[in-house]
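These notes are about the structure you will find just below.
In what follows, residues are counted from 1 in the order of the sequence shown.
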Amino acid sequence: MTVESTAARKPRRSAGTRKSPSTKPELVQLLTPEGKRVKNAEYDKYVADITPEELRGLYRDMVLTRRFDAEATSLQRQGELGLWASLLGQEAAQIGSGRALRDDDYVFPTYREHGVAWCRGVDPTNLLGMFRGVNNGGWDPNGNNFHLYTIVIGSQTLHATGYAMGVAKDGADSAVIAYFGDGASSQGDVAESFTFSAVYNAPVVFFCQNNQWAISEPTERQTRVPLYQRAQGFGFPGVRVDGNDVLASLAVTKWALERARNGEGPTLVEAYTYRMGAHTTSDDPSKYRADEEREAWEAKDPILRLRRYLEASNHADEGFFAELETESEALGRRVREAVRAMPDPDRFALFEHAYADGHALVDEERAEFAAYQASFTDGEGA
């Protein structure tokens, strides 16, 4: 699968004039933006037995994830969170890939995989505790096989590769998946993880959500070829999937996970999607991208796409959508109330788990910090 790169022949455009490449990228698509089912000889079998109930479940996942995400953005704007990284527009890529996983598979996320966290059963309020600054993650990674969020760009791909190499040595048939963005694809850690996973035939899927903007830098400023083609240079397959198509994301991820479990090594999945909101709540995307571009992608909305398919196929009625709207509002209220009720963090928690068996220097630092804290209550400090 090849596609002509525009980066090699066109200069960078200004924010007001940048347009998507005129060459249509080749990608796997099972649902069109209009909600019409299209056939694919290679990937249809991975969703051939999906039931109307499961389709409604995928829709529910996306709607509730978006509602949670919107509530988190609102909470940050009201000063309840320090920062928030929205997934708006990327729900299909995350829910589709997340629902392809087995319970014994292990996930290494970045800091935007709220939909995948939802699929793994992580309480949404735990995600918010980290962004509120009251915990360092808030969940046991081994409880859901979902690692803590990784803020350092790209480093989780190395963690995933090492874990996958261990899985292979243990003889387990589970798989590992590492999420990262188009910006992280330029990091050295990602290249190193590609090298090691290929050489050791590690059972890992690299899932790149190409939302086309690494903060303010468009993808064409980072690569002269589509991202999925980078896998060829490391000796394993890459595939580009329509990241706004939840069925295609589900099917392609199932295929890649199956390869990993069968001992066929790593796969790079590029989910071609779009970040409809800001990079984080500290960002203003209007400074670097055109409204016309965002509006064009809003017409490809992943939730609207599946709703059209459900309605056209008579798989869901108005009662279902009304009930889901009620559930969505209830989730928003629960999240808001939970965040505002979060207690202040334990000030001494940072000294815990620094060493497995304790350490004299940590004990000394803890004592110094305790004395400092006591000075405020004893009237000895300001």
Side-chain angles (χ1 to χ4, degrees), residues 25 27-40 42-70 86-102 105 107 109 112-121 177 179 181 205 207-212 228 239-258 267 269-277 297-316 320-321 324 327-328:
L27 45 69
V28 178
Q29 184 182 82
L30 301 181
L31 276 182
T32 69
E34 295 75 29
K36 295 182 180 180
R37 183 74 163 84
V38 292
K39 297 296 183 181
N40 184 291
E42 187 172 359
Y43 295 102
D44 271 345
K45 63 181 179 180
Y46 293 98
V47 292
D49 59 350
I50 194 166
T51 66
E53 182 181 4
E54 289 170 330
L55 287 169
R56 290 192 296 270
L58 292 173
Y59 184 82
R60 174 181 177 272
D61 287 337
M62 290 195 291
V63 168
L64 294 181
T65 297
R66 179 171 291 188
R67 181 65 181 86
F68 162 70
D69 182 69
S86 174
L87 59 61
L88 183 62
Q90 299 176 221
E91 295 88 355
Q94 293 195 18
I95 297 301
S97 60
R99 289 304 182 194
L101 296 163
R102 292 191 330 207
D105 295 332
V107 180
R112 200 188 302 273
E113 274 67 59
H114 320 315
V116 185
W118 173 271
C119 293
R120 300 305 280 179
I177 187 167
Y179 288 89
V205 175
F207 195 93
C208 175
Q209 293 174 82
N210 179 6
N211 63 27
Q212 302 181 57
Y228 74 91
V239 60
R240 174 180 269 185
V241 62
D242 185 342
N244 283 24
D245 176 354
V246 69
L247 280 186
S249 296
L250 175 66
V252 168
T253 308
K254 280 186 173 182
W255 164 77
L257 291 168
E258 184 179 274
T267 305
V269 177
E270 178 193 356
Y272 193 74
T273 181
Y274 193 74
R275 194 192 77 216
M276 290 200 285
W297 276 91
E298 285 178 348
K300 304 174 185 179
D301 186 287
I303 295 179
L304 179 59
R305 181 182 306 205
L306 183 55
R307 176 164 183 156
R308 287 168 172 164
Y309 178 69
L310 288 172
E311 291 175 332
S313 305
N314 294 317
H315 290 330
F320 165 77
F321 296 116
L324 182 56
E327 184 181 5
S328 174

Evaluate the criterion salt bridge (Lys or Arg N to Asp or Glu O under 4.0 Å) for residue pair D301 and R308; output intermediate values, then yes/no. CA-CA 11 Å; D301 186 287; R308 287 168 172 164; over 6 Å; no
Determine, stepwise, if the pair D242 / R305 fulfils side-chain contact (heavy atoms from CB on, under 4.5 Å). CA-CA 12 Å; D242 185 342; R305 181 182 306 205; 2.8 Å; yes
Angle between ring planes, Y179 versus F207, binned at 30° and 60°: parallel, tilted or perpendicular?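 Rings of Y179 and F207: tilted, as their planes differ by 30° to 60°.
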Please tell me if the side chains of [X] and [Y] come closer than 4.5 Å, counting only heavy atoms from C-beta onward.
{"X": "I177", "Y": "V116", "value": "no"}
{"X": "R307", "Y": "E311", "value": "yes"}
{"X": "V107", "Y": "E113", "value": "no"}
{"X": "Q94", "Y": "P109", "value": "no"}

Could you tell me whether R99 and E54 have a side-chain N and a carboxylate O separated by less than 4.0 Å?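 No, this pair does not count.
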I'd like to know if E258 and K254 make a salt bridge, using a cut-off of under 4.0 Å between side-chain N and carboxylate O.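 Looking at K254 together with E258, the answer is no, because their closest N to O distance does not fall below 4.0 Å.
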Is there a side-chain contact (heavy atoms from CB on, under 4.5 Å) between R56 and F320? Walk through the geometry before answering. CA-CA 9 Å; R56 290 192 296 270; F320 165 77; 3.8 Å; yes
Intermediate values then yes/no, side-chain contact (heavy atoms from CB on, under 4.5 Å), Y43 and V239: CA-CA 12 Å; Y43 295 102; V239 60; 3.8 Å; yes
Would F321 and Y59 satisfy ring pair (Phe, Tyr, Trp, His ring centres under 6.0 Å), going step by step from the backbone distance to the final call? CA-CA 10 Å; F321 296 116; Y59 184 82; 5.4 Å; yes
Could you tell me the separation between the CG atom of L101 and the CG atom of L257, rounded to the nearest 0.5 Å?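 Reported value, rounded in 0.5 Å steps: 5.5 Å.
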Would you please name every residue forming a side chain to side chain contact (heavy atoms under 4.5 Å, CB included) with A256, sequence neighbours left out?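 Per chain and number, A256 pairs via side chain to side chain contact (heavy atoms under 4.5 Å, CB included) with V205, T267, V269.
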Stepwise side-chain contact (heavy atoms from CB on, under 4.5 Å) check, V246 with L55: CA-CA 10 Å; V246 69; L55 287 169; over 6 Å; no
Applying side-chain hydrogen bond (donor to acceptor under 3.5 Å, both in side chains) to T32 and E34, what does each step give before you reach the verdict? CA-CA 5 Å; T32 69; E34 295 75 29; 3.3 Å; yes
Of all the heavy-atom pairs spanning Q212 and W297, show the shortest one and how long it is.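 Shortest heavy-atom separation between Q212 and W297 comes out as NE2-CZ2, 2.9 Å.
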Answer with yes or no whether the side chains of Q29 and D245 bring together a donor and an acceptor at under 3.5 Å.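 Note: D245 and Q29 side chains miss the donor-acceptor criterion.
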So if I apply the side-chain hydrogen bond (donor to acceptor under 3.5 Å, both in side chains) rule between Q90 and each of T273, N244, N211, T65, which one comes out positive?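 Testing Q90 for a side-chain hydrogen bond (donor to acceptor under 3.5 Å, both in side chains) against T273, N244, N211, T65 leaves exactly one candidate, N211.
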